[in-house]
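Values in this document were obtained by computation on a predicted structure and should not be read as measured data. We number each residue from 1, following the sequence as shown.
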Amino acid sequence: MDVRHLELLRELADRGSVTAVARATHRTPSAVSQQLRTAQRELHTALVEPAGRGLRLTEAGRLLAEGAADVAAAVEQVQARWDAFHGEPSGTVSVAALPSAATFLLPGVVRDLAGTSITLRLTDTDIAEAEYGGLTADHDVVVAHSLTSVRPAGTDGLVVVPLAREPLDIAMATDHPLAAGEVVHPADLADCDWIGVPPGFPFDTVLQTLERVTGTRLRIDQRLRDNRLIEALVSSSRHVAVLPRFTTPTGDRLTLRELAGVASARHVSAVLRPDRAERLAVRRVVDAFVRAADAVTRHHTA
């Protein structure tokens, strides 16, 4: 049994198509298909089968793909012990993070790792909750969020490390009538004009809950991804929006108010492939994320 064939099956399981595997592994699709045929011939078992215009794993292929993850994790465990034997962890660790969480986490992480032999390669990615798990195929650490659980949707089989629980508040202009109170209630928001996020993004869950609680269809005028853009629009209008407490700047133009009676907080977590989680340098980076999250949480709850 060739370990390289196992890894190829795992890539197909994670990426879903021969074309995506070829692109990620810097091979041609025909070369990937040839290696799959070789693996099937050597193992005397069908590992893939036609699915539309592409291929999908058979039950036997899925079994071997799962085994590939175990093999990779075992190799990384040995590598971690070897690195520890030689001293400090080193190497490049790639991180993909949603921007609003990266804003309050990465400054502390970068400070924590200063002076070490670890190089961070950072990517900011704002996508739907269920898509973050797929980023672990190309990144060592993925920082994701969810309103329902510390484990975001789409991360089954992956390692999930809880980092922070951040309140989500209602943002409004400082002269908005609702800014006069200490908190806002669902009934206060039923007749407001909203700036929301695209469907599938965690903040949208709060709006869906408000609609269920109030029995009212909210007026969502725009659906935008960028928090800075949402802040600018809210602060200059009578619109309201859901924004995260830790990184939303408040002051002369923008105010945050706690939402009473509705669970409105997000779980921010680090998500990793099991084998990547064994790497000593990756573990050191995750530890830095945990410390940075703890520091920010203590600051906002003091």
What I'd like to find out is whether the side chain of [X] reaches to under 4.5 Å of the side chain of [Y], using heavy atoms alone.
X: E211; Y: T216; answer: no
X: I220; Y: I195; answer: no
X: L168; Y: L147; answer: yes
X: V95; Y: H139; answer: no
X: V183; Y: L259; answer: no
X: I170; Y: L178; answer: no
X: T174; Y: D252; answer: no
X: P244; Y: F203; answer: yes

Cluster question for you: counting only ILVMFWY and a side-chain heavy-atom cut-off of under 4.5 Å, with indirect links fine, are [X] and [Y] together?
X: L106; Y: L272; result: yes
X: V150; Y: V206; result: no
X: Y132; Y: L163; result: yes
X: V71; Y: L158; result: no
X: F201; Y: F246; result: no

Intermediate values then yes/no, side chain to side chain contact (heavy atoms under 4.5 Å, CB included), R283 and L280
CA-CA 5 Å; R283 281 156 43 188; L280 203 62; 3.6 Å; yes
Kindly determine whether L113 and L120 satisfy side chain to side chain contact (heavy atoms under 4.5 Å, CB included), including the steps that lead there.
CA-CA 9 Å; L113 297 174; L120 289 177; 3.7 Å; yes
I'd like to know whether D226 forms a side chain to side chain contact (heavy atoms under 4.5 Å, CB included) with L224, so could you lay out the CA-CA distance, the side-chain angles of the two residues, the decisive distance to 0.1 Å, and finally the verdict.
CA-CA 6 Å; D226 187 79; L224 304 169; 6.0 Å; no
Does atom [atom1] of [X] have more than 12 heavy-atom neighbours from other groups under 6.0 Å away?
X: Q222; atom1: CD; answer: no
X: R121; atom1: CZ; answer: no
X: E88; atom1: CD; answer: no

If you take all heavy atoms of [X] and [Y], which pair is closest and at what distance?
X: A281; Y: I118; answer: O-CD1, 3.8 Å
X: T148; Y: E129; answer: OG1-OE2, 4.4 Å
X: V271; Y: A144; answer: CG2-CB, 4.3 Å
X: A171; Y: L256; answer: CB-CD2, 3.7 Å
X: P198; Y: R225; answer: CG-CG, 3.9 Å
X: A102; Y: P107; answer: O-CD, 3.6 Å

With respect to E166, which candidate in H300, H145, R266, R245 satisfies the side chain to side chain donor-acceptor pair (under 3.5 Å) definition?
R266
Test side chain to side chain contact (heavy atoms under 4.5 Å, CB included) on L105 and V268; report intermediate values, then the result.
CA-CA 10 Å; L105 290 172; V268 178; 4.0 Å; yes
Going by distance alone, is a donor N or O of one side chain under 3.5 Å from an acceptor N or O of the other, for [X] and [Y]?
X: Q35; Y: R4; value: no
X: T25; Y: R27; value: yes
X: S30; Y: T28; value: yes
X: Q40; Y: R37; value: no
X: H267; Y: S269; value: no

N/O donor-acceptor pair under 3.5 Å between [X] side chain and [Y] backbone:
X: T155; Y: A153; answer: no
X: S117; Y: S90; answer: no
X: S17; Y: A20; answer: yes
X: T125; Y: A97; answer: no
X: T58; Y: A46; answer: yes
X: R62; Y: L57; answer: yes

Looking at [Y] and [X], is any side-chain nitrogen of the basic one under 4.0 Å from a carboxylate oxygen of the acidic one?
X: R219; Y: D193; answer: yes
X: R223; Y: D204; answer: yes
X: D138; Y: R23; answer: no
X: R257; Y: D169; answer: no
X: R273; Y: D14; answer: yes
X: R238; Y: D175; answer: yes

Working to the nearest 0.5 Å, report the span between [atom1] of [X] and [atom2] of [Y].
X: R41; Y: T38; atom1: CZ; atom2: OG1; value: 4.5 Å
X: E131; Y: D126; atom1: CD; atom2: CG; value: 10.0 Å
X: L36; Y: L9; atom1: CG; atom2: CG; value: 6.0 Å
X: S264; Y: L207; atom1: OG; atom2: CG; value: 11.0 Å
X: L210; Y: W194; atom1: CG; atom2: CH2; value: 5.0 Å
X: S236; Y: L254; atom1: OG; atom2: CG; value: 10.0 Å

